[in-house]
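Side-chain atoms are counted along with the backbone in the values below, which use heavy atoms only and exclude waters and symmetry mates. Both ligands and their constituent atoms are indexed starting at 1 by order of listing.
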Amino acid sequence: MAMKRIVILISGRGSNMKAVLDARLEATVAAVISNTPAASGLQIARAAGIDTKVIDHHHHSDRAKFDHFLAETVETYHPDLIVLAGFMRILSPEFIHRFSGKIMNIHPSLLPAFPGMNTHQRALNEGVKLHGCTVHFVTPEVDRGPIIIQAAVPVLPEDDEQTLASRVLEQEHAIYAQAIGWFLDDKLAVDGNRVKFTGECRYFGALVSPQI
Ligand code: GRF
């Protein structure tokens, strides 16, 4: 069977992208596309021999035009899956419908808590004792698509935004490759807002680390 094809979209340092590349999944990473020319993740992708493209949103007069151009470019790579890895643009419903069921995102909170930005500081402000990250399929409602896997981490009394972010990031790197691997193996089925595992797969949809 032909290898499945992945296109990764980034905007910045690309540590999640790197974790996915390092996992050496059975797939072809056809391209890494950034909306920011300065994204340092682009160097990592180039060093790994992956085709990279910059599609700078500043060069497009509105979101619809940017998204259309992005979609046309993504399409040329014939992806089975589009992986958003720190991609800091909200995608339009048109883009999402065009690649329906084929877009994954990682979000640094235990969704549906703390959608949007500044998740770690908001978690600290709310005094939650568990925080974490979520991999989900992308639907037009931002940060609300069907959840594939989550990892929880403790919020420690001495935490600040940075220490909490780095504890969460370590888990992001673990769960993103896991979720993508399941997708590539056709182990995920979406039923409404729920992701179920097909076949004999055991349920591994939640990690808590380190053990408290
Ligand atoms: C990650 O925390 C991701 O969850 C969020 O933005 C950050 C991107 O980091 N959406 P990186 O570019 O993958 O290092």
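Nearest protein heavy-atom neighbour of atom 10 (N) of ligand 1: I106 O, 3.6 Å. Protein heavy atom nearest atom 8 (C) of ligand 1, with residue, atom name and distance: G86 CA, 3.6 Å. Here the protein heavy atom with the shortest distance to atom 9 (O) of ligand 1 is R13 NH2, 3.2 Å.
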Identify all side-chain donor-acceptor contacts of residues 103-114 below 3.5 Å with residues at least two apart in sequence or on another chain.
unit_1	atom_1	unit_2	atom_2	d
N105	ND2	H136	NE2	3.2
H107	NE2	S109	OG	3.3
H107	NE2	F114	O	2.7
S109	OG	A113	O	2.6
S109	OG	F114	O	3.1

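Between G14 and ligand 1, at least one N/O pair is under 3.5 Å apart.
In the hydrophobic clustering of this structure, I175 does not group with L169; members are Ile, Leu, Val, Met, Phe, Trp, Tyr whose side-chain heavy atoms approach within less than 4.5 Å, directly or through other members.
Looking at D80 and R5, no side-chain N of the basic residue comes within less than 4.0 Å of a carboxylate O on the acidic one, giving no salt bridge.
Per-residue contacts place E172 under 4.0 angstrom from the following atoms of ligand 1 (heavy atoms of the residue considered): 1 (C), 2 (O), 3 (C), 4 (O).
Side-chain contact check for R46 and T52: at least one donor-acceptor pair (N or O, by modelled atom type) lies under 3.5 Å.
Ring orientation note: the planes of W182 and F197 are nearly perpendicular, at an angle over 60° on the 30°/60° scale.
For the pair G41 and ligand 1, no heavy-atom separation below 4.0 Å is found.
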